[in-house]
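First comes the structure, then the notes that go with it.
Whatever order the structure lists ligands and atoms in, that order sets their numbers, starting from 1.
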Amino acid sequence: MTASASPETKPHPRRGAAALVLLAAGLVVVSPDVEAAASLEGCGARKTARAGDACEQVLQVWGRWQRSGDDAARDAGIRHARARLEGAWTRAQRGVPACADATATSTDVFARMNSAVGAFVTAMDGSPRGAPLGPRTGRCRARLLRIAGRACRGLVRNEEARLEGNQTRAEAAAARAREKLGAAWTVANASDCLTAIGVDEADAAVERLAATVAGDATSATLRELADAAGVHVGAAVEPSHIATDPLYGPTLAAEFTSLTTENQMNWEPIHPEPDRYEFGPADELVAFAAQHGLRVRAHALLWGRFAVPAYVQNASSATELRALVADHVAAVAGRYAGRVAQWVVVNEPLTFFGDPGDTDGLDPTVFLRLLGPGYIAEALRLAHAADPHARLFVNEFGVEMPGPKQERFYRLARDLLEAGAPLHGVGFQGHLGFFGTPVPTGAELLEAVRRFAALGLEVEITELDQYAFPDDPTALARQHALYHDVLLGCFLSPACGGVTVWGLADPYSWVRVFFRADAIPLPLGDGYARKPAYFGSRAALIQARSARP
Ligand code: G3I
């Protein structure tokens, strides 16, 4: 179980530390949970500081290698830096078992850091390096890496300051670190470093490295980092698990700022018969969200491919179906008016693979067949009438990458806006790597988000998960990068306000039901273990905080 207390109960670390001082003086009896929380915060701060030191040391080791070309000395230096970090983290978490759970292992964080530094050094060459390029170039590159090391240490050590609420100090120090890197890089690189990396690229690489190291080391939850970045990070959930798994509710409240009703607001579960509604499970989720300060994304009013009850599927005329849709939307969206932030009004309106077929790329559901393409605008208008507060979305998968399906989704969104339909946003579902489809890079995703944002729309990643399995030895490392790149790629656009993962943790993923029971698609694993994808997500949230305009 993730050990960090939920943000509501975690005291501010400064107050926690002060409480410990008073405790030592025997003046104040501090409750054990406050003391534990304070030491958890203190542990996170100590680990982050040591991680920043390690980042600088590793870059210096690689810098010395630039001058010497001595692989053995480089490897010995890396072993020494790893041992120092492991020792420092063991000392930091002594007596605070929760802290060991709250951060990546030093082995993982060091492996990721060293790999990123190696890639950075290789990129400096523009190609894998052979023999040293000559003493002047080696000295120059060693200087660049010393500069990068100082910047990395400064940015990482800032993270705790920022999480302790010293935003101003943190921002100022981070700006100084960036400025020093930029100035020094320009001077050094102008001589004979012969590197293939410019100032901006160097800055981005060091920020990414620092965020990954800080993300691995800080004990902050996704929710705390999302709050600090002013974005939402959510999970799709099922209410039945709250009762059957005592850790389900606390994990949802501790790690996320938003919940999506995975199934319970689809038509069939909530309105199984024309005159019968089953609001219980959806009410439970809306109540949970209100109790824990979570945003609610309601999913989904119309979805023609799944969860359509027979009385709808078998509607005999446009008149009959139009009346059913009007009643359904008024009753369901009306019930939750003012209590949900977003509605997925129409889910997956396009054909599965985006082929045009003979319906101009729209999925030939009962809604399209009987009501025509205008059913989408009609549903948006009905939803807006029922709940003028909710932001209304259309949601689709397979549109994260450039291609015919994204083109069709863009045309649909543009046409709806031109028709004056109350469309406020689009959801890119983000089921990545399924059916052998390629996964988008962060840049490709940002481009897609910006494209729809230019229409004036909000964009969210609404169902993020990855088709991944443990028999692939590279799966976890790739998943760390995927979640980092997707979250950052979205959040770099001000139009992207949230990313939601499709399930609270691997055991609750639909992928284990519909594909393979050993799937590992999400950031939280069995027993809510924080997987590399969790730390990649945290690194992205740390970067988003300073990178978002
Ligand atoms: O609630 C009933 C239960 O009473 C019954 O005993 C049981 C056995 O049949 O079925 C339960 O309903 C299941 C439901 O999930 C709730 O667990 C349905 O059979 C099952 O088909 C349904 O699967 C859901 C699927 O959509 C189809 O509705 C998945 O959990 C859900 O993760 C998945 O989510 C979709 C999004 O809505 C849209 N984007 C794609 C995404 C993945 O397919």
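From the protein, the heavy atom lying nearest to atom 20 (C) of ligand 1 is Phe514 CZ, 4.2 Å. Trp303 CH2, 3.7 Å is the protein heavy atom nearest to atom 26 (O) of ligand 1. Closest to atom 29 (C) of ligand 1, if we only count protein heavy atoms, is Asn263 OD1, 3.7 Å.
Counting atoms of ligand 1 from 1 in the listed order, those under 4.0 Å from a heavy atom of Glu262 are 30 (O), 31 (C), 32 (O). Set against the non-hydrogen atoms of Trp502, the atoms of ligand 1 under 4.0 Å away are 31 (C), 32 (O), 33 (C), 34 (O), 35 (C), 36 (C), 37 (O), 41 (C). Of all the atoms in ligand 1, the ones that sit under 4.0 Å from a non-hydrogen atom of Asn347 are 38 (C).
For the residue pair His431 and Glu463, a side-chain donor N or O sits within less than 3.5 Å of a side-chain acceptor on the partner.
A heavy-atom separation below 4.0 Å is found between Phe306 and ligand 1.
Applying the side-chain contact (heavy atoms from CB on, under 4.5 Å) test to Arg369 and every residue at least two apart in sequence or in another chain returns Gln313, Val366. Considering only residues two or more places apart in sequence or on other chains, Phe469 meets the ring-ring contact (aromatic ring centres under 6.0 Å, His included) condition with Tyr467.
Annotation: Phe452 is in aromatic contact with Phe409 [ring centroid separation under 6.0 Å]. Ring pair Tyr528/Tyr248: centre-to-centre distance not below 6.0 Å.
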